[in-house]
Amino acid sequence: MMAAEQDSDLPAITALLGQYFDGLHRADTALLDRIFDDEARLYAPGVRRNKSQWLELVANRPVPAQLGHAFAYQILSVDLSGEQAMAKVFCPLLGRQYLDYLSLLKEQGCWRIVAKQYADNPFINTN
């Protein structure tokens, strides 16, 4: 893939990450379901979930937007290689400061999140 072709994928990836942030903030499980691959897996230290387990948790947790929490999510980096990408994002969510690593694949012309690793940001002192 030529560099110009890869550059043209960055807006689509950025839009997908924006949807991810919006889905987290509003606990919009329908939106999150659409942007995650059906076989996506989610990993945190000591935690392994499939997409449906995670969406159930999101559906049953407090909703940051309804609590008046700031929308302060950030894209920290995107490493794009052809039809695969790795995004590092910051997600302040319900009193926690998460760093997420999202694995993305472009299949049939559409970007989807196929895996998520997440943990508390070790660079932020919460004391």
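The first residue in the sequence is number 1, and the count goes up from there.
- Taken to the nearest 0.5 Å, the CZ atom of Arg96 stands 12.5 Å off from the SG atom of Cys91.
- Side-chain contact between Arg41 and Arg49 is absent, with no heavy-atom pair separated by less than 4.5 Å.
- Shown here is Gln53, whose CD atom has more than 12 heavy atoms of other residues, nucleotides or ligands within 6.0 Å.
- For the pair Phe90 and Ala72, the tightest heavy-atom approach, listed with the atom from each and the gap, is CD2-O, 3.9 Å.
- Across all their heavy atoms, Ile13 and Ala85 have their closest contact at CD1-CB, 3.9 Å.
- Counting heavy atoms from C-beta on, the side chains of Pro64 and Leu24 never come closer than 4.5 Å.
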Working for side chain to side chain contact (heavy atoms under 4.5 Å, CB included), residues Leu105 and Glu83
CA-CA 6 Å; Leu105 289 176; Glu83 295 181 329; over 6 Å; no

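- Between Leu80 and Gly82, the shortest heavy-atom contact is CD1-O, 3.6 Å.
- In this pair, His25 and Phe71 present their aromatic rings perpendicular. The plane angle is above 60°, beyond the 30 to 60° band.
- With a 4.5 Å cut-off on side-chain heavy atoms, Pro92 and Tyr98 do not count as touching.
- Both Phe21 and Trp54 belong to a common hydrophobic cluster when Ile, Leu, Val, Met, Phe, Trp and Tyr are linked at side-chain heavy-atom distances under 4.5 angstrom.
- Side-chain contact between Asp120 and Gln97 is absent, with no heavy-atom pair separated by less than 4.5 Å.
- Residues Tyr118 and Tyr43 have side chains not in contact (no heavy-atom distance under 4.5 Å, counting atoms from C-beta outward).
- Between Lys116 and Asp100 there is a salt bridge, with a side-chain nitrogen of the basic residue lying less than 4.0 Å from a carboxylate oxygen of the acidic one.
- Nearest heavy atom pair, residue Lys106 against residue Asp9, reads NZ-OD1, 2.9 Å.
- Here the side chains of Leu42 and Arg48 are not in contact, with every heavy-atom distance at 4.5 Å or above.
- Not one N or O on the side chain of Asp22 forms a donor-acceptor pair closer than 3.5 Å with the backbone of Gly18.
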If you apply the rule side chain to side chain contact (heavy atoms under 4.5 Å, CB included), what do you find for Asp37 with Ile113, and how did you get there?
CA-CA 6 Å; Asp37 184 79; Ile113 299 168; over 6 Å; no

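- Tracing side-chain contacts under 4.5 Å through hydrophobic residues (I, L, V, M, F, W, Y), one reaches Tyr73 starting from Val78; they form part of the same cluster.
- Comment: Lys51 engages Asp38 in a salt bridge, judged by a side-chain N to carboxylate O separation of less than 4.0 angstrom.
- Counting heavy atoms from C-beta outward, Leu102 and Leu16 have side chains that stay 4.5 Å or more apart.
- Side chains of Val89 and Leu76 form no contact here, defined as non-hydrogen atoms less than 4.5 Å apart.
- In terms of hydrophobic clustering, with Ile, Leu, Val, Met, Phe, Trp and Tyr side chains grouped at heavy-atom distances under 4.5 Å, Leu93 and Val63 are assigned to different clusters.
- When the side chains of ILVMFWY residues are joined at heavy-atom separations under 4.5 Å, either directly or via intervening members, Leu104 and Ile75 end up in a single hydrophobic cluster.
- At a threshold of 4.5 Å between side-chain heavy atoms, the hydrophobic network of Ile, Leu, Val, Met, Phe, Trp and Tyr places Leu31 and Leu17 in one connected group.
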Could you walk me through whether Tyr20 and Leu32 pass the side chain to side chain contact (heavy atoms under 4.5 Å, CB included) test, one step at a time?
CA-CA 6 Å; Tyr20 173 66; Leu32 293 169; 4.0 Å; yes

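- Minimum interatomic distance between Pro11 and Ser8 (heavy atoms only, all atoms of both residues): CD-O, 3.4 Å.
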